[in-house]
Amino acid sequence: MNKPSAAQVAIGTAAQRAGVSPRMVRHYESLGLLPPVARTESGYRQYSDADVHALRFIRRARDLGFSMPEIATLLGLWQDKQRASASVKQIAQAHIDDLQARIAAMQAMQRTLAQLVACCAGDARPDCPILDDLAAGDPPTPR
């Protein structure tokens, strides 16, 4: 019988220690973010401390909004002790640039909606500039 060492834990414990759900652990495995894990004779997954640490890394990267491909790259760089930090910084900077673009787009949406709400009487009449704008289908001009 392959008895797991004291450092190996079941999926529920690993997930709890990493702050993710067991479903997400299986998802990360299916994406190849974790190497194949040890299994008991009965087929139960067993996770090492290193696996739990990697799961925490993945969770933190997700919390910061990195995509799965970015996380895979960052995870590889983290595990490569010969990496150049410039590679990591480049990925993080590209993510910042993407976040800034998305924030600007959301702020533009907010301004447009605020203008439409300000134009709407919000009373019992059927006239509604918000619905008129949506029905027009034209994107607002950037400001």
Side-chain angles (χ1 to χ4, degrees), residues 2 4-40 42-143:
N2 289 344
S5 70
Q8 292 185 317
V9 295
I11 192 169
T13 302
Q16 182 181 19
R17 288 180 182 173
V20 299
S21 69
R23 184 177 140 267
M24 290 310 297
V25 174
R26 287 188 292 276
H27 177 65
Y28 297 149
E29 280 184 63
S30 73
L31 294 174
L33 296 176
L34 289 179
V37 296
R39 289 189 180 253
T40 63
S42 55
Y44 291 104
R45 292 173 169 93
Q46 293 291 299
Y47 296 87
S48 68
D49 289 339
D51 295 326
V52 172
H53 198 179
L55 287 167
R56 286 186 191 131
F57 181 99
I58 294 165
R59 186 205 68 227
R60 179 65 177 141
R62 288 295 297 151
D63 289 349
L64 291 173
F66 285 102
S67 69
M68 288 301 177
E70 289 170 328
I71 292 172
T73 302
L74 289 168
L75 197 55
L77 289 167
W78 176 56
Q79 293 165 340
D80 176 7
K81 302 304 179 200
Q82 303 301 313
R83 69 184 170 262
S85 64
S87 301
V88 179
K89 184 175 181 175
Q90 181 181 16
I91 294 167
Q93 185 61 56
H95 186 57
I96 289 170
D97 296 345
D98 178 58
L99 287 172
Q100 288 174 330
R102 289 170 39 201
I103 289 167
M106 291 177 81
Q107 288 173 332
M109 285 187 272
Q110 180 186 27
R111 284 191 301 274
T112 299
L113 284 170
Q115 290 171 347
L116 291 171
V117 166
C119 294
C120 181
D123 55 19
R125 294 181 303 157
D127 299 340
C128 181
I130 299 168
L131 293 177
D132 293 342
D133 183 83
L134 293 173
D138 295 327
T141 56
R143 296 177 191 235

Heavy atoms of other groups near [X] [atom1], more than 12 under 6.0 Å:
X: Q93; atom1: CD; answer: yes
X: Q90; atom1: CD; answer: no
X: R83; atom1: CZ; answer: yes

Measure the CD1-CG distance between I71 and L31 for me, rounded to the nearest 0.5 Å.
9.5 Å
Give me the atom names and distance for the closest heavy-atom approach of [X] to [Y].
X: L33; Y: L75; answer: O-CD2, 3.0 Å
X: D51; Y: L34; answer: O-CD2, 4.0 Å
X: S30; Y: H27; answer: OG-O, 2.7 Å

Before giving the answer on side chain to side chain contact (heavy atoms under 4.5 Å, CB included), spell out for V37 and Q8 the whole-Å C-alpha distance, their side-chain angles and the decisive distance to 0.1 Å.
CA-CA 10 Å; V37 296; Q8 292 185 317; over 6 Å; no
Using a 3.5 Å cut-off and no angle test, enumerate the donor-acceptor pairs between side-chain atoms of residues 14-21 and protein atoms at least two apart in sequence or in another chain.
from	atom 1	to	atom 2	distance (Å)
S21	OG	M24	N	3.1

List in chain and number order the residues that pass side-chain hydrogen bond (donor to acceptor under 3.5 Å, both in side chains) with E70, two or more places apart in sequence or in another chain; answer none if no residue qualifies.
S67
Check the pair I91 / H95 against side chain to side chain contact (heavy atoms under 4.5 Å, CB included), numbers first and verdict last.
CA-CA 6 Å; I91 294 167; H95 186 57; 5.7 Å; no
What is the ring orientation for W78 with F57, classed by angle as parallel under 30°, tilted 30 to 60°, or perpendicular over 60°?
parallel
Under the salt bridge (charged side-chain N to carboxylate O under 4.0 Å, His left out) test, which residues partner D123, sequence neighbours left out?
R125
